[in-house]
Amino acid sequence: QVQPVESGGGLVQPGGSLRLSCLASENLFTIDHMGWYRQGPGKQRELVAQIWRYGSSQYADSVKGRFTISKDIDKNTVYLQMNNLKPEDTAVYYCNQLFGGVDYWGQGTQVTVSS
């Protein structure tokens with residue numbers, strides 16, 4: 001398998017929290033870059049959070065202060081902790097890994113924020 005695998009999506013009320021997981025298909029210490037993207041209904045795909053091999057991270061303005069990206073080397077997993085969720089966060093969330101100059105995409109996990 002060459003795709004990363006996402007999990008953890010679901011339905012949550014506004015103000016709630018979810019943690020998404022991405023199991024990488026290669027060892028994390030060999031992956032140059034991991035990113036979380038999302039695509040909402042009728043919207044273009046956007047980059048929301050990213051983390052580099054040695055730990056630097058960056059976030060889209062829309063999620064700063066609410067989302068945190070992290071990784072666990074032992075579990076070979078990248079996480080996206082999402083707090084204070086808003087309806088506009090509703091989207092399919094995709095994990096991407098950059099390895100050997102090639103982008104590998106997961107199938108996505110649905111996050112729905114609604115009352």
Side-chain angles (χ1 to χ4, degrees):
Q1 185 173 331
V2 297
Q3 289 181 298
V5 180
E6 307 98 332
S7 62
L11 175 65
V12 64
Q13 291 186 308
S17 297
L18 284 174
R19 187 179 73 165
L20 305 184
S21 299
C22 174
L23 179 64
S25 62
E26 304 289 344
N27 290 328
L28 279 174
F29 58 81
T30 69
I31 296 175
D32 297 301
H33 175 271
M34 299 288 293
W36 282 101
Y37 294 73
R38 69 185 182 189
Q39 187 166 18
K43 300 178 181 179
Q44 295 184 324
R45 187 172 297 186
E46 64 173 336
L47 176 63
V48 298
Q50 55 192 317
I51 189 166
W52 284 267
R53 183 185 296 179
Y54 297 107
S56 297
S57 60
Q58 193 171 44
Y59 302 89
D61 288 342
S62 59
V63 306
K64 285 181 179 177
R66 300 188 298 120
F67 290 12
T68 303
I69 189 169
S70 62
K71 55 185 177 182
D72 186 325
I73 299 298
D74 290 339
K75 296 181 179 179
N76 213 49
T77 298
V78 173
Y79 301 99
L80 185 67
Q81 178 66 46
M82 305 185 294
N83 297 325
N84 192 25
L85 284 161
K86 303 175 180 180
E88 52 263 43
D89 295 319
T90 295
V92 178
Y93 284 72
Y94 298 90
C95 180
N96 172 272
Q97 63 179 54
L98 177 62
F99 177 76
V102 179
D103 284 303
Y104 297 89
W105 292 92
Q107 296 183 78
T109 185
Q110 176 71 47
V111 172
T112 302
V113 185
S114 176
S115 298

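Considering only heavy atoms from C-beta on, Arg38 stays 4.5 Å or farther from Tyr94 through its side chain. Side chains of Gln3 and Tyr104 form no contact here, defined as non-hydrogen atoms less than 4.5 Å apart. Side-chain contact between Tyr59 and Gln50 is absent, with no heavy atoms from C-beta onward closer than 4.5 Å. Taking 4.5 Å as the limit, some side-chain heavy atom of Pro14 sits within range of a side-chain heavy atom of Pro87.
Between the CE atom of Met34 and the CH2 atom of Trp52 there is a distance of 13.0 Å, given to the nearest 0.5 Å. Residue Thr112 holds its OG1 atom at 6.0 Å from CG of Leu11, rounded to the nearest 0.5 Å.
Within the structure, the disulfide bond (SG atoms under 2.5 Å apart) test picks out the following pairs touching residues 85-115 (sequence neighbours left out): Cys22-Cys95.
Residues Leu80 and Leu28 share a hydrophobic cluster, clusters being chains of Ile/Leu/Val/Met/Phe/Trp/Tyr side chains in contact below 4.5 Å. There is no path of hydrophobic side-chain contacts, each under 4.5 Å, that joins Tyr79 to Ile73.
The number of heavy atoms from other shown groups lying within 6.0 Å of CD (Gln107) does not exceed 12.
Looking at residues two or more places apart in sequence or on another chain, you find a salt bridge (Lys or Arg N to Asp or Glu O under 4.0 Å) between Asp61 and Lys64.
No option in Thr68, Asp89, Val12, Leu20 other than Leu20 meets the side chain to side chain contact (heavy atoms under 4.5 Å, CB included) test with Met82. Of the residues listed (Val63, Thr90, Val113), the one engaging Leu85 in a side chain to side chain contact (heavy atoms under 4.5 Å, CB included) is Val113, and it is the only one.
Taking the six-membered ring for Trp and thresholds of 30 and 60 degrees, Tyr93 and Phe67 have ring planes inclined between 30 and 60 degrees apart.
In summary, the side chains of Gln97 and Ser25 do present a donor paired with an acceptor at a separation below 3.5 Å, with no hydrogens or angles considered. Between the side chains of Asn83 and Ser17, at least one donor-acceptor pair of N or O atoms lies under 3.5 Å.
Taking the six-membered ring for Trp and the full ring otherwise, the centers of Tyr37 and Trp105 sit less than 6.0 Å from each other.
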